[in-house]
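Heads up, the thing below is written out as structure tokens.
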Amino acid sequence: MEQKTEQTPQERLGGRKSRTIARKLAVALCFKVGSRRVIQGWDECVRETSVGEKSSVTIEARGAYSAKGVPEAGIPPNANLLFDMELVAIV
């Protein structure tokens with residue numbers, strides 16, 4: 001997992017173009033860290049983020065869905081995932 005700020009998606013992918021497969025969430029994503037309810041990269045990201053921090057996060061395939069991908073969600077095998085996130089609160 002790698003955190004970067006103020007880069008375009010193309011810069012985060014090393015200049016390669018990518019079609020957008022993610023959708024913006026309208027509500028906060030709530031989960032218990034370490035519970036394996038989200039991809040490993042999210043657990044790692046939250047542990048390294050401060051409340052109120054905004055960042056662009058690239059989660060490499062090995063911290064996401066690896067070779068399986070999630071075809072029904074449009075995530076191909078070995079896909080790196082890109083997120084713009086803000087840690088709003090820790091409960």
Side-chain angles (χ1 to χ4, degrees):
M1 185 213 54
E2 176 183 330
Q3 286 189 354
K4 295 184 180 181
T5 56
E6 298 188 44
Q7 284 188 321
T8 67
Q10 275 187 304
E11 289 171 325
R12 292 191 304 267
L13 288 172
R16 298 186 317 259
K17 291 188 178 181
S18 171
R19 65 184 177 92
T20 301
I21 57 175
R23 295 172 192 85
K24 288 188 177 187
L25 296 175
V27 296
L29 175 63
C30 298
F31 61 94
K32 182 177 179 180
V33 174
S35 66
R36 303 186 79 171
R37 307 264 313 159
V38 296
I39 58 176
Q40 177 186 353
W42 271 108
D43 274 343
E44 293 172 6
C45 180
V46 169
R47 287 186 178 119
E48 298 175 10
T49 304
S50 300
V51 173
E53 183 177 348
K54 294 179 183 181
S55 60
S56 293
V57 179
T58 301
I59 299 176
E60 295 179 5
R62 68 176 179 267
Y65 299 104
S66 302
K68 297 181 300 186
V70 184
E72 60 275 11
I75 301 172
N78 299 310
N80 294 335
L81 305 180
L82 309 173
F83 298 95
D84 291 322
M85 61 156 286
E86 177 181 4
L87 182 58
V88 176
I90 298 176
V91 184

>> For a quick test of reading the model, state the closest non-hydrogen atom pair linking S35 to K32 and the distance between them.
In response: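 So the two residues come closest at OG-O, 2.7 Å.
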
> Looking only at heavy atoms, which two atoms of A64 and L81 are closest? And how far apart?
Replying inline: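 Taking A64 first and L81 second, the nearest heavy atoms are CB-CD1, 3.6 Å.
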
> If Ile, Leu, Val, Met, Phe, Trp and Tyr residues are connected whenever their side-chain heavy atoms lie under 4.5 Å apart, and connections chain through other members, are V46 and V88 in the same group?
Replying inline: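 Cluster IDs for V46 and V88 differ.
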
What distance separates [X] [atom1] from [Y] [atom2], expressed to the nearest 0.5 Å?
| X | Y | atom1 | atom2 | value |
| --- | --- | --- | --- | --- |
| T58 | L82 | OG1 | CG | 5.0 Å |
| I90 | C30 | CD1 | SG | 12.0 Å |
| Y65 | I59 | OH | CD1 | 9.0 Å |
| T49 | E86 | OG1 | CD | 11.0 Å |
| S55 | F83 | OG | CZ | 11.5 Å |
| Q40 | S66 | CD | OG | 8.5 Å |

> Between P77 and K68, is any pair of side-chain heavy atoms under 4.5 Å apart?
Replying inline: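 Side chain of P77 against side chain of K68, heavy atoms only: no contact under 4.5 Å found.
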
>> Within a 6.0 Å radius of atom CZ on R47, are there more than 12 heavy atoms belonging to other residues, nucleotides or ligands?
In response: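 Counting neighbours around CZ of R47, more than 12 heavy atoms of other residues, nucleotides or ligands fall under 6.0 Å, so yes.
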
> D43 side chain to V33 main-chain N or O, any donor-acceptor pair under 3.5 Å?
Replying inline: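 No.
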
>> Given 3.5 Å as the limit, does a donor-acceptor pair link the side chain of N80 with the main chain of A61, or not?
In response: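 Judged by distance alone, yes, a pair lies under 3.5 Å.
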
